[in-house]
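One structure below.
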Amino acid sequence: MSRVIAIDGPSASGKSTVARRVAAELGRLYVDSGALYRAVTWRAMEHGVEEGDIEGVIKSLHEMEVLFRVDAGAVCFTVDGRDPGLALRTETLNRRVSEVAATPAVRDQVVAWLRDMLPFGGLVMEGRDIGSVVFPDAEKKIFLDADPEERARRRHAEYEGRDEASTIGNVQSSLTLRDLKDTQRKMAPLVVAEGAEILDTTSRGIDAVVEAILASVRG
Ligand code: DC
């Protein structure tokens, strides 16, 4: 069994907040797996790869140097020596990341990076396929969900003031489109992993969900 608590679910279901808090409470390292799909996308965009140019994305993937380190309770990384930071969170990148995340060569590389993190210590890893593909032997699997309207409201609040294209309406359509692509892609689609506990964050709220996970982990 891998020392991993897998937290999967759709965009803006509360995964990041919940996973960070669970990791802090348990003294484990937080891992944002989506940030790696975003980093591959960002690096390709930085090198002028156009939307739809999958060959270009793969070429960029082979050239990119990703270095991991532990910082402030999380596994962090640099890309070609740079920390991409908030550049990973723009609406433009949101529109392009699903196509990149649906590319088998990209998924193989990201899964390998994620599995290589085990020696850092016990992990709380959030994503879409952590319990189903990356660590099917995770010690605990959680699937977080929330109503689409609530998810759009949360994501909009995150972006307010720093993204040109942010209204609740277009955040919701971008999220819906991305969820559709994430659930319908051939490789590692978003599914509830076997043995996962499903928790809805619309009705329960983040605090209650964190408590429920901690209780479940502590047995
Ligand atoms: O969680 P996020 O919004 O940062 O994820 C970015 C994209 O990467 C999104 O399209 C889903 C995809 N992703 C994935 O396919 N598998 C993961 N384990 C994590 C994210």
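Whatever order the structure lists ligands and atoms in, that order sets their numbers, starting from 1. The figures that follow rest on heavy atoms only: side chains count, while hydrogens, waters and symmetry mates do not.
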- request: Could you tell me whether D182 and ligand 1 have an N or O pair separated by under 3.5 Å?
  value: yes
message: Are F143 and L214 linked, directly or through intermediate hydrophobic residues, by side-chain heavy-atom contacts shorter than 4.5 Å (ILVMFWY only)?
response: no
Salt bridge flag under 4.0 Å for residues [X] and [Y]:
| X | Y | answer |
| --- | --- | --- |
| R69 | D71 | yes |
| D8 | R128 | no |
| K59 | E55 | no |
| E46 | R43 | no |
| R21 | D207 | yes |

- request: For T78 and D83, test the side chains for any donor-to-acceptor distance below 3.5 angstrom and give the result as yes or no.
  value: no
- request: Would you kindly say whether T201 and R154 are connected by a side-chain donor-acceptor distance under 3.5 Å?
  value: yes
How far is [atom] from the closest protein heavy atom, and which atom is that?
| atom | answer |
| --- | --- |
| atom 12 (C) of ligand 1 | A101 CB, 3.8 Å |
| atom 8 (O) of ligand 1 | Y37 CB, 3.6 Å |
| atom 18 (N) of ligand 1 | D129 OD1, 2.8 Å |
| atom 20 (C) of ligand 1 | G34 CA, 3.5 Å |
| atom 7 (C) of ligand 1 | V97 CG2, 3.7 Å |
| atom 19 (C) of ligand 1 | S33 OG, 3.4 Å |

Going by the closest heavy atom to [atom], which one wins out of [options]?
| atom | options | result |
| --- | --- | --- |
| atom 14 (C) of ligand 1 | R155, R128, R38 | R128 |
| atom 9 (C) of ligand 1 | R178, R95, K15, E99 | R178 |
| atom 16 (N) of ligand 1 | E126, R96, R107 | R107 |

message: Out of all atoms in ligand 1, which are within 4.0 Å of some heavy atom of S98? Include the element for each.
response: 10 (O)
